[in-house]
Amino acid sequence: MAEDLQGLLNKIQTEGLQKAEAEKNRIIQDAQAQAEKLVADAQAQADTIRKKAEEDAKASEEKARVTIQQAARDILIALKADLLKRLREVVKECSCEAMKPEVMADLVIQMAKAFASKGDEGVEILLASKNFDKVSEQLKGSLLKNLKSSPVISVGQNFSGGLQIGFKDQDVFLDFSDEALADVICDFVGPKIAAAIKD
């Protein structure tokens, strides 16, 4: 009986040890599986964070590049506008200086001669107010020799230098005002300035 009891105790002890060993192995395996899962989750999360950070950095870099390009375009546009404005002022000033009363009178006389030969019946001349007296004096005598009717000479309101000439029968209107000359020169030079700035 003592042997049976000892055998039973040995059997219980062996089975208990086996169960404990199996439980221990199961716990270790579960712990390892959980640890591996935690490591995998952490790695996946780290990869997601890294990828998002890279995308954010790339987006920020692209946004900064676009902003810089826009700022550069704005600066070039403002520079072009400022240069054209200054050019226009210089051209107007130079054209006012170049269009002296004697130059304007000679220009009108030459134009009147050319159009008088085509049967012109009337000339209308608009002068800047500052040159009106000097130019009209020079023109009245000379023009009357070349035209069938007296010219109409008056003050132009929309320009400060130069003159405008109209020929009735020819439907011709020639604008030599400081404004018109500035427009023509700026239209010619403007694209060249823009190209120089762009380059």
Side-chain angles (χ1 to χ4, degrees), residues 57-143 146-147 149-199:
K58 189 174 179 181
S60 294
E61 183 181 340
E62 179 64 18
K63 185 177 179 181
R65 188 183 65 77
V66 169
T67 301
I68 289 169
Q69 285 180 337
Q70 183 63 44
R73 276 193 299 269
D74 292 347
I75 289 169
L76 289 178
I77 289 168
L79 178 60
K80 178 185 170 189
D82 186 54
L83 286 175
L84 287 175
K85 179 182 173 188
R86 291 175 189 224
L87 174 66
R88 184 176 183 78
E89 290 169 3
V90 168
V91 168
K92 281 180 69 175
E93 185 178 326
C94 290
S95 66
C96 283
E97 289 176 18
M99 294 294 271
K100 298 185 183 312
E102 57 273 11
V103 172
M104 289 188 282
D106 188 52
L107 178 66
V108 172
I109 291 165
Q110 296 304 318
M111 298 297 294
K113 284 179 183 177
F115 280 92
S117 65
K118 297 178 181 179
D120 176 67
E121 291 296 330
V123 176
E124 181 177 355
I125 301 159
L126 298 176
L127 297 168
S129 59
K130 67 181 180 181
N131 297 320
F132 181 78
D133 293 334
K134 290 180 183 176
V135 177
S136 60
E137 283 299 318
Q138 292 182 16
L139 289 176
K140 283 185 179 173
S142 302
L143 280 176
N146 296 301
L147 298 173
S149 61
S150 295
V152 176
I153 302 173
S154 52
V155 175
Q157 301 299 320
N158 298 325
F159 56 97
S160 57
L163 65 121
Q164 297 174 339
I165 310 167
F167 296 90
K168 289 180 185 174
D169 290 346
Q170 303 296 323
D171 290 327
V172 173
F173 180 80
L174 303 170
D175 193 347
F176 297 99
S177 66
D178 56 347
E179 294 287 340
L181 293 174
D183 286 343
V184 169
I185 292 172
C186 287
D187 286 347
F188 176 74
V189 176
K192 296 180 186 321
I193 289 175
I197 291 172
K198 189 175 181 182
D199 290 341

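Annotation: the span from I75 atom CD1 to I68 atom CD1 amounts to 10.5 Å, rounded to 0.5 Å. Within the model, atoms CG of L83 and NZ of K85 stand 12.0 Å from one another, a figure rounded to the nearest 0.5 Å.
For N158, there are no side-chain hydrogen bond (donor to acceptor under 3.5 Å, both in side chains) partners, not counting sequence neighbours. The salt bridge (charged side-chain N to carboxylate O under 4.0 Å, His left out) check on D106 picks up nothing, with sequence neighbours excluded. Looking at residues two or more places apart in sequence or on another chain, you find a side chain to side chain contact (heavy atoms under 4.5 Å, CB included) between V189 and L87, I185, I193. In this structure K80 satisfies the side chain to side chain contact (heavy atoms under 4.5 Å, CB included) test together with L84, A194, I197, sequence neighbours excluded. Annotation: salt bridge (charged side-chain N to carboxylate O under 4.0 Å, His left out) contacts of E62 (sequence neighbours excluded): R65. Applying the side-chain hydrogen bond (donor to acceptor under 3.5 Å, both in side chains) rule to S160 yields the partners D178; only residues at least two apart in sequence or on another chain are considered.
The minimum heavy-atom distance linking S95 with L181 is given by the pair CB-CD1, 3.7 Å. Minimum interatomic distance between D175 and S177 (heavy atoms only, all atoms of both residues): OD1-OG, 2.7 Å. Closest non-hydrogen pair, L126 versus F159, comes out as O-CZ, 3.6 Å. In terms of heavy-atom proximity, E124 sits nearest to S154 at OE2-OG, 4.3 Å.
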request  = Apply side chain to side chain contact (heavy atoms under 4.5 Å, CB included) to the pair L107 and M99, showing each step before the final yes or no.
outcome  = CA-CA 10 Å; L107 178 66; M99 294 294 271; 4.1 Å; yes

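Applying the 6.0 Å contact sphere to CZ of R73 captures more than 12 heavy atoms from other residues, nucleotides or ligands. For E61, the CD atom counts as loosely surrounded, since its 6.0 Å shell holds 12 or fewer non-hydrogen atoms of other residues, nucleotides or ligands.
Two residues are said to be in side-chain contact when any heavy atoms from C-beta on lie closer than 4.5 Å; L163 and V108 meet this criterion. In this structure, N131 and K100 have side chains that are not in contact, with every pair of non-hydrogen atoms separated by 4.5 Å or more.
For the side-chain contact (heavy atoms from CB on, under 4.5 Å) with L127, the lone residue among D133, I165, I153 that qualifies is I153.
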